[in-house]
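Notes for the one structure printed next.
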Amino acid sequence: MKHFLALFFFLFICISSHSQGLLQAKDYFSEQDTLRGSITPERAWWDLNFYDLKISVQPDKKFISGSNTITYTVLTPQQILQVDLQPPLHIEKVTQDGEKLDVRSNINAHFITLKKEQKKGAKNKITVFYSGIPRTAKNAPWDGGFSWEKDSNGKDFVATSCQGLGASVWWPNKDHMYDEVDSMAISVTVPKGLMDVSNGRLKAVIEDETTTTYEWEVLNPINNYGVNVNVGDYVHFGEQYPGEKGVLDMDYYVLKDNLEKAKTHFKDAPKMMKAFEHWFGPYPFYEDSFKLVEVPYLGMEHQSSVTYGNQYNKGYLGRDLSGSGWGLKFDYIIIHEAGHEWFANNITYKDIADMWIHESFTTYSENLFVDYYYGKEAAQDYVIGTRKLIQNDRPIIGAYHVNNEGSSDMYFKGANVLHTLRHVLNDDEKWRSILRGLNKEFYHATVTTAQIESYISKAAKIDLSAFFEQYLRTIEVPVLEYHYDGKKLKYRYTHIVAGFAIPVSVSTAGKELWITPTAEWKTSKLKGDTSSFKINRNFYINHKAVVQ
Ligand SMILES: [Zn+2]
């Protein structure tokens, strides 16, 4: 998500008013949380290959119906398979090879008893038929479901969003992030006069008497919450972008009345592509194209169909979250949500506890966009400007195996932690090679925090385990304590985890010095005095003069 973020008062209001929203603090986990958030035995034995999702959307009744045919490979023979679908939607029947199967339901989790022997290595299919009135989004995209809106001409304007809540809020699937299908087909039937835009490429349009069916094809692995249905009175324009991997189709679907505005405003999209291919490597889904799709909520990183609802403003709904002025140079939603194509859609968390992998890198990407077009100082102003939004209320990493994400600090604190790391390395080319290397090493993969940490440590040739421990798993900000003893500077870190010892650049009276504090007092020759002592502003570290 999104991108979320927020204006604190806005965030505060939406988080406090909805108990199920993304980023909501939680101190109790239910059986349902475990069924949703863990790799249960009924999930672990089979590997997802392909989803063939067919859905009919009836906006006048707020009703949907359809089926999902799931192709999977048997890893370890078992006979009971878990599929998720959230009430009030209900499963009508499940079949395998035309035979109807028994289903035992536990609210959102449905346990299907297979009749056919499941042989190791076999590729099998089941089809889940379902229907009902799906949950209406209370505050999309953070508290999602279906958004049933009308455009200014009174035409239906409908969209799905489901990060955190789970894709099973609108279609049946294996609703855990560790396993992605290799590819997918999405067929959406809508009333005549409306268009559906989903993920990937449009392969066919089938006209019926009162409906039109749009068939979309996704050739790459896709995570569940990245799948989406967007229905509206869309018009299309597009361009061919000369990218690192060749020609990339960039397509834009907007409401008819917004076409002219969008043609100017969406010029940020190719600018984004240029900056992010520079920093992160090739766009990860050339085969599926890149799209921006207008929706009736703020936006979401739906894979290859990034949804857009920033109302054609610069900044975040017209505001600069950083307060530096640089945030009004670009459309926050275009830059942030598209940044997720690398960190969220290409590199995807296995467990939502590790959601920082999506949000910290993507929030950080905003300042790399500023860096690319306006230079380093501007980028520093931008990312440092967002520090005032850090809360240090809870750790950035959430609880594992219960579908729980950590603090919203994964946005601004996470961005500042990565910015700090860039300056710890003090080698921009190496840093860029690490960002590109991550996208290559974990191409189309689901990952854990441990994998990301270990990749960066190895590539940087520095053991960063204490650094990540400090910033991701505690709410303490390191404090550099210092003291002048004649002409010498004495210093140490406090409020740190064991082993935290990152180098930092400091200065007094304009003279810069690199020091590597630890928990023990150390001494350096640095003339100056307490009043002119400064830490290089790029390091997210507090400092405090002490008297000894
Ligand atoms: Zn985001």
With sequence neighbours left out, write down each residue that passes side-chain hydrogen bond (donor to acceptor under 3.5 Å, both in side chains) with [X], or none if nothing qualifies.
X      : result
His90  : none
Ser360 : none
Asn230 : Asn228
Gln451 : Thr448

Just wondering, do [Y] and [X] contact through their side chains at under 4.5 Å, heavy atoms?
X      : Y      : value
Cys162 : Val169 : yes
Met300 : Gln163 : yes
Val57  : Trp148 : yes
Ile91  : Val94  : yes
Val383 : Val370 : no
Leu418 : Trp431 : yes
Asp33  : Asn404 : no
Ile70  : Val83  : yes

Applying ring-ring contact (aromatic ring centres under 6.0 Å, His included), can you list everything that pairs with Trp279, at least two apart in sequence or on another chain?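 Applying ring-ring contact (aromatic ring centres under 6.0 Å, His included) to Trp279 gives none.
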Return the orientation label for the [X] and [Y] ring planes: parallel under 30°, perpendicular over 60°, tilted otherwise.
X      : Y      : value
Trp326 : Tyr374 : tilted
His336 : Tyr332 : parallel
Phe285 : His444 : parallel

Measure the [atom1]-[atom2] distance between [X] and [Y] for me, rounded to the nearest 0.5 Å.
X      : Y      : atom1 : atom2 : answer
Ile222 : His302 : CD1   : NE2   : 9.0 Å
Asp47  : Leu75  : CG    : CG    : 5.0 Å
Ile333 : Leu317 : CD1   : CG    : 7.0 Å
Ile334 : Phe369 : CD1   : CZ    : 9.0 Å
His278 : Glu244 : NE2   : CD    : 9.5 Å

Do [X] and [Y] have ring centres separated by under 6.0 Å?
X      : Y      : answer
Phe330 : Tyr316 : no
Phe361 : Trp356 : yes
Phe343 : Phe280 : yes
His236 : Tyr252 : no
Tyr312 : Phe266 : yes

Pairing donors with acceptors under 3.5 angstrom, does anything connect the side chains of [X] and [Y]?
X      : Y      : answer
Asp331 : Tyr308 : yes
Glu337 : Thr307 : no
Thr348 : Glu180 : yes
Asn416 : Tyr364 : no
Asn345 : Glu301 : no
Gln240 : Asp249 : yes
Gln391 : Ser407 : no
Thr69  : Thr127 : yes
Asn199 : Ser304 : no
Tyr411 : Glu366 : no
Glu405 : His358 : no
Thr449 : Asp354 : yes
Ser365 : Asn367 : no

Charged N to carboxylate O below 4.0 Å: is that the case for [X] and [Y]?
X      : Y      : result
Asp251 : Lys291 : no
Lys125 : Asp52  : no
Asp143 : Arg135 : yes

Once salt bridge (charged side-chain N to carboxylate O under 4.0 Å, His left out) is applied, do any residues pair with [X], and if so which ones, sequence neighbours excluded?
X      : result
Asp84  : Arg43
Lys150 : Asp156
Asp257 : none
Arg394 : none

side-chain contact (heavy atoms from CB on, under 4.5 Å) against Leu219, all qualifying residues, sequence neighbours excluded: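 Partners of Leu219 under the side-chain contact (heavy atoms from CB on, under 4.5 Å) test: Glu217, Glu287, Asp288.
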Looking at Tyr373, does the NZ or CZ of Lys271 lie under 6.0 angstrom from its six-membered ring centre and within 45 degrees of the ring axis?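 Here Lys271 passes the 6.0 Å and 45° test against Tyr373.
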For Trp171, is the NZ or CZ atom of Lys54 found under 6.0 angstrom from the centre of its six-membered ring and inside 45 degrees of the ring axis?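 Ring-cation test returns no.
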Between Gly437 and Tyr455, what is the shortest heavy-atom contact and its length?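 Here Gly437 and Tyr455 meet closest at CA-OH, 3.1 Å.
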Please check this pair: side chain of Asn403 against backbone of Thr34, looking for a donor-acceptor N/O pair closer than 3.5 Å.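 Here the side-chain-to-backbone pair does not exist.
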For residues 186-195, please give each side-chain donor-acceptor pair under 3.5 Å, one per line with the distance, not counting sequence neighbours.
unit_1 : atom_1 : unit_2 : atom_2 : d
Thr189 : OG1    : Thr213 : OG1    : 2.8
Lys192 : NZ     : Glu207 : OE1    : 2.6
Lys192 : NZ     : Asp208 : O      : 2.7

Can Arg422 and Asp371 be said to form a salt bridge (Lys or Arg N to Asp or Glu O under 4.0 Å), step by step? CA-CA 13 Å; Arg422 172 183 182 169; Asp371 185 311; 3.1 Å; yes
Can you confirm whether more than 12 heavy atoms, excluding those of Lys123, are under 6.0 Å from its NZ atom?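 12 or below, so no.
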Are more than 12 heavy atoms, taken from residues, nucleotides or ligands other than Lys314, located less than 6.0 Å from that residue's NZ atom?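 More than 12 heavy atoms, drawn from other residues, nucleotides or ligands, come within 6.0 Å of this atom.
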Any salt bridge (Lys or Arg N to Asp or Glu O under 4.0 Å) involving residues 341-350? Give me the pairs, sequence neighbours left out, ordered by first then second residue.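 Listed by first then second residue: nothing to list.
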